[in-house]
Structures are given as structure tokens and as C-alpha cells.
Amino acid sequence: MSASHAEHHHDGHGHAADAGPHSSLREYLIGFGLSVVLTAIPFWLIMAKVITDRSTGILVLGAFALVQMLVHMVYFLHMNGRLQGGWTMLSTIFTVIFLGIAIVGTLWVMYNMNAHMMPQHTTPKPPELSNEPNNQAAQPAR
């Protein structure tokens with residue numbers, strides 16, 4: 001190792017903690033275990049029909065998905081507030097906010113385009129779904 005390389009990493013300013021993530025097998029196993037549990041619980045909730053309401057199911061599955069994303073970010077991507085002076089976490093928060101705005105904005109624009117630009121046409125009902133009596137059936141057979 002050259003002298004300049006050694007000076008760069010050990011300059012006496014206490015930046016050795018920011019050099020990068022140092023993970024252990026224990027941390028990876030904890031992350032893997034949490035990921036399995038956070039996948040198995042929602043799977044069981046739906047397959048065992050513990051949650052039957054669609055809206056509740058979506059909310060519960062969404063909550064488990066968010067928690068699992070956080071587990072992946074902490075245990076596998078090693079993101080925390082200390083790494084690189086907190087800039088990694090701040091850039092992630094910015095990205096999440098930006099994506100949220102982009103997705104919500106896109107859905108809002110598409111909904112409004114559909115509601116305001118599609119021609120208002122009526123679709124005829126099939127005879128078996130209409131409440132009007134069928135004229136041919138009402139007439140006696142000759």
C-alpha cells in the first residue's frame with residue numbers, strides 16, 4: 001500500500017467509520033430472517049382467508065411491503081444516517097418523495113384525461129340485462 005493511500009484512509013480526522021459498510025454474517029442472517037417472516041405473514045393472512053376484505057388486504061400487504069423495504073435498505077443496502085454524513089439517507093428520502101409525486105401526479109393526470117376527454121357515449125344493455133319486457137316474448141305465438 002502506498003503512503004498516499006494510507007494517508008488517505010487514516011488521516012486522523014475520524015472518517016474511518018464513513019469508509020463503507022462493514023457487515024457480518026449475523027446482520028445478513030437477521031435481514032434474511034426478517035424478510036422471510038415479512039413475506040410469510042402476509043401470504044398466510046391472504047391464503048388462510050384471515051383477511052377477506054379487499055381494501056383491508058391491500059392496506060395490510062402495503063404496510064408489510066413498506067416494512068420489508070426498510071429491512072432491505074438497512075440490512076442489505078446498509079443505509080443509515082451515519083454513512084457518508086447522512087447524505088445517503090437524505091438522497092433516498094428525496095428519491096422516495098420524488099417518485100411519490102411522479103406516481104401520484106401521473107395517476108391524477110391520467111384519471112382527469114379519461115374523465116374529461118373521453119366521449120360520453122352510452123353503451124346499449126343486452127336484452128337479458130334490461131328491465132324492459134321483450135316485445136317478441138310478450139306476443140303470442142301464431
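What you are looking at is a predicted structure, and each value in this text was computed from that prediction instead of being measured.
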> Distance-only, no hydrogens or angles: does the E27 side chain make a donor-acceptor pair with backbone N or O of Y75 under 3.5 Å?
no

> Would you say the ring centroid of Y28 lies under 6.0 angstrom from that of H78?
yes

> Taking side chain to side chain contact (heavy atoms under 4.5 Å, CB included) as the criterion, tell me which of V71, T39, V67, L29 meets it with L34.
V71

> Applying ring pair (Phe, Tyr, Trp, His ring centres under 6.0 Å), can you list everything that pairs with F76, at least two apart in sequence or on another chain?
H72

> Using the side chain to side chain contact (heavy atoms under 4.5 Å, CB included) criterion, which residues pair with L99? Sequence neighbours excluded.
T95

> Any ring pair (Phe, Tyr, Trp, His ring centres under 6.0 Å) pairs touching residues 32-65, not counting sequence neighbours?
none

> I'd like to check the side chain to side chain contact (heavy atoms under 4.5 Å, CB included) partners of L66; sequence neighbours left out, ordered by chain and number.
M69

> Pick one: which of V109, V104, I103 meets side chain to side chain contact (heavy atoms under 4.5 Å, CB included) with L107?
I103

> For I93, check side chain to side chain contact (heavy atoms under 4.5 Å, CB included) against everything at least two apart and list the hits.
M89, I97

> Not counting sequence neighbours, which residues clear side chain to side chain contact (heavy atoms under 4.5 Å, CB included) with R54? List them please.
I58

> Looking at M110, is its backbone amide N or carbonyl O close enough to the side chain of N114 to form a donor-acceptor pair, meaning the two atoms are under 3.5 Å apart?
no

> Quick one: pull up OG1 in T92 and CG in L77 and give me the separation to the nearest 0.5 Å.
8.5 Å

> Testing the basics here: between T56 and D53, what is the closest heavy-atom pair and its distance to 0.1 Å?
OG1-OD2, 2.9 Å

> Hydrophobic cluster membership, with links at side-chain heavy-atom distances under 4.5 Å among I/L/V/M/F/W/Y: are V50 and V37 in one?
yes

